[in-house]
Amino acid sequence: LMYENRWKWIYVFASILFLIIGILYYQKSRIGKIYSNDLEIKNRFITQQKEEIETINEQLASQVQLRRETDQTINYFATSLFGKNEEEEILWDVAKNCVARLGFVDCVIYLLDESKEVLIQKAAYGTKNPQDFVIHSPLRIPLGKGIVGAVAQSGKAEIVNGGSKD
């Protein structure tokens with residue numbers, strides 16, 4: 001009788017042992033999946049942060065380059081005026097050289113005739129200037145008329161899209 005009970009207890013013990021091993025294996029695989037998912041989330045987060053840092057570094061490099069170019073333009077502007085005594089020389093130098101260095105397509109410099117309240121084109125770069133120191137069809141713009149006249153009258157800069165329509 002005792003011999004039979006022993007096998008029964010061994011069977012119960014083995015069943016419990018296999019049950020515990022099964023539970024442990026299940027927990028291990030569950031923890032592995034959770035850990036794997038956690039790692040995947042962390043890796044995505046790190047990758048996203050890395051991309052953001054790279055974008056910021058590119059923006060900073062672009063800003064440094066722009067600052068360098070701006071400093072060179074300011075330096076050029078400051079030194080280009082040495083030896084120029086005439087108003088016309090200075091205006092043409094600003095229009096042709098400094099504005100071109102800033103990457104603008106064109107530029108027209110106006111001076112105000114206060115007695116007549118009219119802006120007069122004095123220097124240009126681009127389509128208004130097909131030849132050296134000559135303005136093609138120079139304009140006289142009354143204060144307050146059009147974009148240029150309004151800006152000159154108010155003293156406040158404006159950003160205008162589609163300025164050819166005004």
Side-chain angles (χ1 to χ4, degrees), residues 27-166:
Q27 289 295 346
K28 179 184 174 193
S29 69
R30 200 170 130 227
I31 289 171
K33 286 178 186 175
I34 291 171
Y35 182 72
S36 174
N37 288 341
D38 202 29
L39 275 179
E40 186 177 321
I41 291 169
K42 287 177 182 177
N43 281 338
R44 271 190 267 148
F45 177 76
I46 289 170
T47 301
Q48 182 182 14
Q49 293 299 308
K50 179 184 171 215
E51 290 170 357
E52 288 178 19
I53 289 170
E54 288 172 354
T55 300
I56 290 169
N57 282 340
E58 289 170 6
Q59 290 171 345
L60 288 173
S62 177
Q63 288 176 355
V64 167
Q65 179 64 26
L66 179 62
R67 178 59 192 239
R68 195 174 292 130
E69 290 170 5
T70 302
D71 289 347
Q72 289 170 350
T73 300
I74 291 169
N75 185 44
Y76 175 82
F77 178 70
T79 58
S80 74
L81 299 179
F82 288 132
K84 292 187 174 52
N85 298 320
E86 301 290 322
E87 181 180 84
E88 200 167 302
E89 279 183 298
I90 294 169
L91 295 176
W92 280 103
D93 185 63
V94 169
K96 285 190 167 287
N97 299 318
C98 296
V99 171
R101 287 181 68 93
L102 292 172
F104 295 146
V105 176
D106 60 12
C107 167
V108 178
I109 297 177
Y110 297 86
L111 289 183
L112 175 63
D113 181 339
E114 291 182 39
S115 65
K116 296 178 183 174
E117 292 189 347
V118 164
L119 296 164
I120 303 168
Q121 291 180 341
K122 289 293 190 175
Y125 169 78
T127 57
K128 288 290 285 182
N129 176 239
Q131 296 176 348
D132 290 341
F133 307 108
V134 175
I135 297 176
H136 176 70
S137 302
L139 299 176
R140 292 175 169 271
I141 300 174
L143 275 180
K145 185 172 182 183
I147 297 167
V148 174
V151 168
Q153 189 174 41
S154 71
K156 295 180 183 174
E158 290 184 33
I159 297 175
V160 180
N161 295 321
S164 62
K165 297 174 185 174
D166 191 341

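- More than 12 heavy atoms of other shown residues, nucleotides or ligands fall within 6.0 angstrom of atom CD in E89.
- Listed by first and then second residue, the side chain to side chain donor-acceptor pair (under 3.5 Å) pairs involving residues 109-118 are Y110-Q121, D113-S115 (not counting sequence neighbours).
- Using a 4.5 Å heavy-atom cutoff, the side chains of L112 and L143 are in contact.
- Residues passing the side chain to side chain donor-acceptor pair (under 3.5 Å) test with N43: none are found, sequence neighbours excluded.
- Distance check: T79 OG1 to I74 CD1 gives 11.5 Å after rounding to the nearest 0.5 Å.
- Annotation for Y125 and V105: closest pair CE2-O, 3.6 Å, computed over non-hydrogen atoms.
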Table please: side-chain donor-acceptor pairs of residues 51-62 below 3.5 Å, with sequence neighbours left out.
from : atom 1 : to  : atom 2 : distance (Å)
T55  : OG1    : E51 : O      : 2.9

Discussion item. Under the criterion side chain to side chain contact (heavy atoms under 4.5 Å, CB included), I'd like the reasoning laid out for L91 against F133: C-alpha separation, chi angles, the key distance, then a yes or no.
Written reply: CA-CA 10 Å; L91 295 176; F133 307 108; over 6 Å; no
Practice prompt. Show your working on side chain to side chain contact (heavy atoms under 4.5 Å, CB included) between V108 and V148 and close with a plain yes or no.
Written response: CA-CA 10 Å; V108 178; V148 174; over 6 Å; no
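- The minimum heavy-atom distance between A95 and A123, with the atom names listed, is CB-CB, 3.9 Å.
- Distance CH2/W92 to CD1/I135: 4.5 Å, rounded to 0.5 Å.
- Taken to the nearest 0.5 Å, the CD atom of E88 stands 11.0 Å off from the CD1 atom of I109.
- Taking OG1 from T47 and NZ from K42, the interatomic distance works out to 14.0 Å, rounded to the nearest 0.5 Å.
- Applying the 6.0 Å contact sphere to CZ of R44 captures more than 12 heavy atoms from other residues, nucleotides or ligands.
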